[in-house]
Amino acid sequence: MSAAKPTYSKGLAGVIAGETAIATVGKKGHGLMYRGYSIDDLSDKCIFEEVAYLLTRGSLPTSAELRAYQSKINGLFELDGTIRRILELIPKDCHPMDVLKVVAGVAGTLYPEKDIADSAETLDIADRLLAVFPSAIAYHYNYHFKGRVIETKALSSDDCIANHFVRLLHADDPSSVTQDMIRCVNVSLICYAEHGFAASSFASRVTTSTLSDIYSSIGAAIGTLRGPLHGGANEAAFYLINSFTSASEAEQGLLDMLRRKQKIMGFGHRVYKTNDPRSAILHRWSQILSDKRNNPKFARNDLCQIADVIQDTMWKQKKLFPNVDFPAAMAYHQCGIPTNLFTPLFVCARTSGWMAHIIEQRANNRLIRPTSLYIGPQLKPFVGIERRPVSKL
């Protein structure tokens with residue numbers, strides 16, 4: 001019997017590329033669980049640090065474990081002087097995702113991974129990156145756009161990543177920060193923390209499979225997440241929402257875009273078939289923040305109405321549901337987060353998931369090296385340089 005012919009699936013759609021115990025994505029077309037816990041329970045009952053602990057350590061922390069973990073993260077918020085100086089030198093108009101790529105690389109030179117088999121060192125690096133990334137984003141933003149040099153130390157003994165990021169971001173106007181904004185960012189971090197073999201997580205696993213270091217794997221993941229078909233979709237979704245001035249204009253404009261067969265970012269999903277469970281969670285927070293009584297400075301009920309029209313029109317016309325990026329765009333905007341910081345905040349969350357994948361890949365490693373389907377020319381006679389035709393390029 002001849003060997004089975006390898007199957008080909010463009011974009012690896014439907015291909016099982018490995019085993020994981022980290023998350024279940026799209027079970028029965030809609031579910032999402034982190035290590036057996038539903039995203040609904042985690043987003044409703046946890047702070048992000050609990051979920052990061054769950055992903056990187058394998059279980060939810062006890063009260064004592066959570067206090068110790070938060071204390072460790074809080075102690076790592078303060079940026080090294082070298083990182084601060086580099087953030088000041090990076091151009092103002094550089095995309096913040098490029099800023100994070102630089103920060104990951106610099107951190108790798110300041111705190112290099114010495115032994116990839118040392119699990120304690122692996123967790124130390126994970127915790128440092130979870131603390132450094134939000135501080136770096138806020139520092140670069142304040143320095144270049146607000147003309148402020150901020151301290152990135154923990155704000156209090158019970159500080160958390162969501163609170164730390166939001167308050168540092170709005171360091172020039174602390175009174176604008178509400179508890180609802182902090183809770184919304186906390187929930188978004190949980191929703192964005194992990195998502196199976198998504199492109200960036202798979203990129204981190206491919207790099208890890210070569211026995212490279214953590215910083216290289218995280219750098220590969222950040223570069224992959226930067227694309228609009230992955231993490232950058234939340235930015236594209238907001239630009240779409242903000243391009244319309246009214247609900248009626250949004251409906252007509254969207255219909256025109258669909259007639260021109262333009263891609264509408266923030267809708268549909270490769271894995272989910274009926275809905276994205278994270279979408280409803282962040283849509284609720286977007287609605288909460290649209291009420292000026294809860295969010296006096298940043299509430300935008302008018303844009304939320306436009307977003308709802310876009311969502312309804314996409315369902316009526318294409319039967320496409322919003323994925324997490326669509327409501328996240330409105331939620332983040334109403335937290336006063338600049339649009340080009342949406343995807344970097346995604347990095348702050350997904351670093352916990354990437355680290356879980358790096359740890360899992362290392363535990364049962366095999367170099368990831370798929371084959372390809374060659375569609376080029378067959379063997380041709382070599383042509384000397386004097387007889388070669390002029391290129392048509």
Side-chain angles (χ1 to χ4, degrees), residues 39-40 42-52 66 70 73-74 77 96 130-131 133-135 137-142 145-146 148 150-193 234-235 237-238 241-242 278-308 324-349:
I39 191 63
D40 298 284
L42 293 172
S43 62
D44 185 51
K45 300 170 183 175
C46 291
I47 63 170
F48 172 63
E49 281 82 345
E50 289 176 85
V51 173
L66 180 59
Q70 281 190 265
I73 296 289
N74 291 351
F77 279 140
L130 284 168
F133 282 158
S135 290
I137 295 169
Y139 190 92
H140 182 269
Y141 173 75
N142 274 279
F145 292 92
K146 299 294 183 178
R148 295 173 62 95
I150 60 171
E151 290 290 335
T152 62
K153 296 178 181 178
L155 302 174
S156 66
S157 59
D158 62 348
D159 201 4
C160 67
I161 290 172
N163 180 75
H164 190 75
F165 173 76
V166 175
R167 293 197 181 278
L168 286 189
L169 187 70
H170 298 299
D172 65 327
D173 186 12
S175 64
S176 68
V177 177
T178 68
Q179 285 302 309
D180 280 332
M181 288 164 57
I182 294 168
R183 283 192 288 266
C184 174
V185 170
N186 178 72
V187 169
S188 77
L189 292 174
I190 293 171
C191 287
Y192 271 133
N234 49 23
E235 297 178 26
F238 181 73
I241 296 166
N242 198 43
R278 304 165 299 174
S279 180
I281 295 168
L282 287 181
H283 182 266
R284 184 173 71 85
W285 275 103
S286 150
Q287 294 300 311
I288 290 171
L289 291 172
S290 71
D291 187 335
K292 283 194 173 292
R293 293 170 297 181
N294 302 322
N295 186 21
K297 181 170 182 178
F298 299 113
R300 290 296 304 270
N301 185 57
D302 56 330
L303 285 183
C304 284
Q305 291 177 6
I306 289 171
D308 286 344
V324 66
D325 294 312
F326 193 75
M330 276 312 306
Y332 281 169
H333 181 71
Q334 293 180 110
C335 289
I337 300 171
T339 308
N340 67 350
L341 296 187
F342 290 1
T343 312
L345 191 51
F346 191 160
V347 170
C348 295

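Sequence positions, counted from 1, serve as the residue numbers for this chain.
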Tell me if the aromatic rings of His170 and Phe298 count as close, with their centers under 6.0 Å from one another. yes

Between Tyr141 and Asn340: side-chain donor-acceptor atoms closer than 3.5 Å: no

Distance in Å, Ile47 CD1 paired with Ile182 CD1, rounded so as to fall on 0.5 Å steps: 12.0 Å

Using a 4.5 Å cut-off on heavy atoms from C-beta on, say whether the side chain of Thr343 contacts that of Asn234. yes

For Leu282, does its backbone N or O pair with a side-chain atom of Ser286 as donor and acceptor, under 3.5 Å? no

Could you check whether any side-chain heavy atom of Ile337 comes within less than 4.5 Å of a side-chain heavy atom of Phe165, counting everything from C-beta outward? yes

How far does CH2 of Trp285 sit from CG of Asn294, to the nearest 0.5 angstrom? 9.0 Å

To check you understand the geometry: which heavy-atom pair defines the closest contact between Cys191 and Ser43, and what is its length? SG-CB, 4.5 Å

Taking all non-hydrogen atoms of both residues, which atom of Asp173 and which atom of Lys297 are closest, and how far apart? OD2-NZ, 2.7 Å

Side chains of Asn301 and Asp291, heavy atoms from C-beta outward: is any pair under 4.5 Å? no

Side-chain touch Leu169/Val177, heavy atoms, less than 4.5 angstrom: no

I'd like to know if the side chain of Thr178 reaches the main chain of Met181, judged simply by a donor and an acceptor atom lying under 3.5 Å from each other, with no hydrogens or angles considered. yes

How far does OG of Ser135 sit from CD1 of Ile150, to the nearest 0.5 angstrom? 7.5 Å

I need the minimum non-hydrogen distance between Asp325 and Ala237, along with the two atoms involved. O-CB, 4.1 Å

Heavy atoms of other groups near Lys292 NZ, more than 12 under 6.0 Å: yes

Is the Phe342 ring parallel, tilted or perpendicular to the Phe238 ring (thresholds 30°, 60°)? perpendicular

Donor-acceptor under 3.5 Å (Gln305 side chain, Asp302 main chain): no

Under 3.5 Å donor-acceptor, Asn186 side chain and Cys46 backbone: yes

Kindly compute the distance separating CD (Glu49) from CD (Gln70), expressed to the nearest 0.5 Å. 5.0 Å

Stepwise side-chain contact (heavy atoms from CB on, under 4.5 Å) check, Ile137 with Cys348: CA-CA 9 Å; Ile137 295 169; Cys348 295; 3.6 Å; yes

Between the side chains of Asn74 and His164, does any donor sit under 3.5 Å from an acceptor? no

Under 3.5 Å, side chain of Gln334 to main-chain N/O of Asn295, donor-acceptor pair present? no

How long is the straight-line distance from CZ of Phe48 back to CG of Leu130, given to the nearest 0.5 Å? 5.5 Å

Atom of Ile39, atom of Ile190 and distance for their closest heavy-atom approach: CD1-O, 3.8 Å

Would you mind reporting whether Cys184 and Val187 have side-chain heavy atoms less than 4.5 Å apart? no

Begin from the C-alpha positions of Asn242 and His333 and carry the test side chain to side chain donor-acceptor pair (under 3.5 Å) through to its verdict. CA-CA 10 Å; Asn242 198 43; His333 181 71; 5.6 Å; no

Distance-only, no hydrogens or angles: does the Thr152 side chain make a donor-acceptor pair with backbone N or O of Phe77 under 3.5 Å? yes

Carboxylate-amine/guanidinium contact Asp159 Arg167, below 4.0 Å: no

Distance, nearest 0.5 Å, that separates CD of Gln287 from CG of Asp308: 5.0 Å

Taking C-beta and beyond as the side chain, do Phe326 and Ser279 meet within less than 4.5 Å on heavy atoms? no

Do the side chains of Ile281 and Pro327 get nearer than 4.5 Å, heavy atoms only? no

